[in-house]
Amino acid sequence: MKVLYINSGHWWPHNNLDYGIINGFLQLHCQIVAVDVSNTEEANFYDMLQNFNPDFVFTLLGVQLNTETVRKIKNFGYKIGVWIVDDPYDIDQSLKVAPYYDYIFNTEKNVIDIYKKVVNHDNVYYLPLGSNEVTFKINKDVRYKSDICIIGTGYKNRLELIDKISHELIKYNTKIIGILWDRLKSYSILKNNILLGVVSDEDAAKFYSNAKINLNIHRAYDDDTLRRLNSYKIKALSPNNRIFDISLAGGFQIVDYREDLGKFYEIDKELIVFNDEEDLIEKIEYYLNNENVRNEIAKKAYLRTVKEHLFAHRLAIVLEVIKNSK
């Protein structure tokens, strides 16, 4: 199938998702032309579109792509789909652009019915993100070793949890990586364990591979740290993409519960779930002292991810939807 892919137009982490999507289509043997969203404003874009004559046009997020451009693409007779990956956190913004698209794929199960009502058609599909096997690899490197590794932005619920267990984390070789962690109340005692800033996906994979425990804390659905775009206060049920990335890098993880998590991994056999800080502390102590159990769980998660949770697996679903709708 011939696919014209228009990138998200966003920097990290969406530029990494753009790369994963392009690789996924290539793994499916698609003929793909990838275009920067800024190039769609150029006069020769529509000549390129018609010369390539894709079976399908696809984009990520859709908020940077001018809706007039979407309309013109459709007027040329091409179907266009969007993969919305930041709901429910950004749903106020995403719902504004959704009606312009023929197909909508969304990473959050709990918003699908809302989109169907807004766009007034049924071409709305639940499609979680996958992981990119080119980037997330098992890579053992002592420079990236840790007992406990936490990668992500310091959202409020994450800060609160880390503050509650800081007395435990300080006992170990803990690495906390990302922005906004300097807002921790316990920052003064954890600052030597914190790397403020963004790391590349390649480096993140190395941290995941070399951590004894990766602590994966989902962002709260009502968090307004960076923006307030979930006025509906829709709860998040679906897992984040970090779940797949950690597993593909061969990492063992402990994650907070999400309702849809069990559809992707077998809880207690492929990953471990914690309920509250007391439960988390107990599980950290147990799994740090049981290497063989950790490694077996991580191995099962890795194999499951390779088999079911790559970008190619997700995009195969997209292609099947497009094929069956013609």
Side-chain angles (χ1 to χ4, degrees), residues 8 12-28 60 83 85-86 105 107-108 126-146 148-153 175 177-178 198-219 238-258 260-273 287 291 293-318:
S8 65
W12 176 91
H14 299 95
N15 56 338
N16 294 323
L17 301 180
D18 287 319
Y19 173 48
I21 291 168
I22 293 167
N23 178 63
F25 278 128
L26 290 173
Q27 294 301 315
L28 293 169
L60 182 69
W83 199 354
V85 299
D86 287 336
F105 301 88
T107 56
E108 175 51 54
Y126 172 40
L127 190 72
L129 285 167
S131 191
N132 183 2
E133 73 277 15
V134 175
T135 302
F136 291 94
K137 303 175 180 179
I138 298 174
N139 189 337
K140 297 300 182 183
D141 187 328
V142 294
R143 295 173 298 174
Y144 293 82
K145 286 183 68 174
S146 66
I148 303 166
C149 180
I150 304 160
I151 297 182
T153 298
K175 287 185 169 68
I177 303 164
V198 173
V199 293
S200 68
D201 276 6
E202 288 77 9
D203 275 344
K206 292 175 185 176
F207 281 115
Y208 296 151
S209 288
N210 292 279
K212 293 178 181 178
I213 293 175
N214 290 282
L215 180 54
N216 185 0
I217 311 163
H218 285 94
R219 177 183 175 185
S238 304
N240 58 24
N241 61 305
R242 189 170 291 114
I243 281 185
F244 308 116
D245 294 341
I246 291 171
S247 297
L248 190 57
F252 169 84
Q253 65 183 301
I254 302 179
V255 58
D256 58 324
Y257 180 73
R258 279 275 173 97
D260 218 33
L261 187 56
K263 288 186 177 180
F264 302 95
Y265 294 101
E266 191 170 354
I267 294 171
D268 293 333
K269 291 188 177 180
E270 295 173 331
L271 50 71
I272 302 302
V273 168
Y287 287 105
E291 180 179 3
V293 178
R294 272 197 334 260
N295 290 343
E296 184 62 23
I297 290 171
K299 180 180 178 181
K300 288 178 179 177
Y302 169 80
L303 293 174
R304 179 81 178 265
T305 307
V306 170
K307 184 179 179 182
E308 298 180 15
H309 300 316
L310 304 180
F311 271 107
H313 297 122
R314 306 293 190 250
L315 295 171
I317 295 171
V318 172

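Note on residues 263-272: pairs passing salt bridge (Lys or Arg N to Asp or Glu O under 4.0 Å), not counting sequence neighbours, are D260-K263, E266-K269, E270-R304.
Judged by distance alone, the side chain of N210 and the main-chain N or O of K206 form a donor-acceptor pair under 3.5 Å. Between the side chain of N23 and the backbone N or O of G20 there is no donor-acceptor pair closer than 3.5 Å. Between the W83 side chain and the L127 main chain, a donor and an acceptor come within less than 3.5 Å of each other. The main-chain N or O of T135 is never found under 3.5 Å from a side-chain atom of D201 such that the two would form a donor-acceptor pair. Side-chain atoms of R219 never come within 3.5 Å of backbone atoms of G152 as a donor-acceptor pair (strictly under, hydrogens ignored). No donor-acceptor pair under 3.5 Å is formed between the side chain of H218 and the backbone N or O of P239. Panel note: side chain S209, backbone N139; a donor-acceptor pair is recorded below 3.5 Å.
Checked against I177 for a side chain to side chain contact (heavy atoms under 4.5 Å, CB included), the options I151, D203, V198, I150 give a single hit: I151.
With sequence neighbours excluded, the residues that form a side chain to side chain contact (heavy atoms under 4.5 Å, CB included) with H14 are S8, H10, L17, L60, L61, V85, D86. In this structure, the ring pair (Phe, Tyr, Trp, His ring centres under 6.0 Å) partners of Y144, at least two apart in sequence or on a different chain, are F207. Applying the side-chain hydrogen bond (donor to acceptor under 3.5 Å, both in side chains) rule to R314 yields the partners H309; only residues at least two apart in sequence or on another chain are considered. With sequence neighbours excluded, the residues forming a ring pair (Phe, Tyr, Trp, His ring centres under 6.0 Å) with F252 are Y287, listed by chain and number. Annotation: side chain to side chain contact (heavy atoms under 4.5 Å, CB included) contacts of K307 (sequence neighbours excluded): none.
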Query raised in the report: Could you go step by step and tell me if S247 and Y208 meet the side-chain contact (heavy atoms from CB on, under 4.5 Å) rule?
Result: CA-CA 8 Å; S247 297; Y208 296 151; over 6 Å; no

Report task. Mind running side-chain contact (heavy atoms from CB on, under 4.5 Å) on L310 and H313 for me, showing each step along the way? Result -> CA-CA 5 Å; L310 304 180; H313 297 122; 3.5 Å; yes

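Residues K137 and E202 have side chains not in contact (no heavy-atom distance under 4.5 Å, counting atoms from C-beta outward). Under the 4.5 Å side-chain criterion, counting only non-hydrogen atoms from C-beta, L261 is in contact with I243. For the pair F311 and S131, the minimum side-chain heavy-atom distance is 4.5 Å or more. Taking the side chain as every heavy atom from C-beta outward, V306 and L248 approach each other to under 4.5 Å. Under the 4.5 Å side-chain criterion, counting only non-hydrogen atoms from C-beta, E308 is not in contact with F264.
Note that CD1 of I254 is 9.5 Å distant from CZ of R294, once rounded to the nearest 0.5 Å. Here the OG atom belonging to S146 is positioned 9.0 Å from the NZ atom belonging to K212, to the nearest 0.5 angstrom. Atom CD1 of I138 sits about 10.0 Å away from atom NZ of K299, to the nearest 0.5 Å. For the atom pair CD1 of I217 and OG1 of T153, the computed distance is 12.0 Å after rounding to the nearest 0.5 Å. Put simply, CG on D245 and CG on N216 are 9.5 Å apart, with the number rounded to the nearest 0.5 Å. Separation of atoms CD1 (I267) and CD1 (I297) is listed at 12.0 Å; rounding is to 0.5 Å.
With no hydrogens or angles considered, a side-chain donor-acceptor pair links Y265 and T305 at under 3.5 Å.
You'll find the ring centres of F244 and F136 outside the 6.0 Å limit.
Counted within 6.0 Å of OH on Y302, heavy atoms from surrounding residues, nucleotides or ligands total 12 or fewer; the atom is thus considered open.
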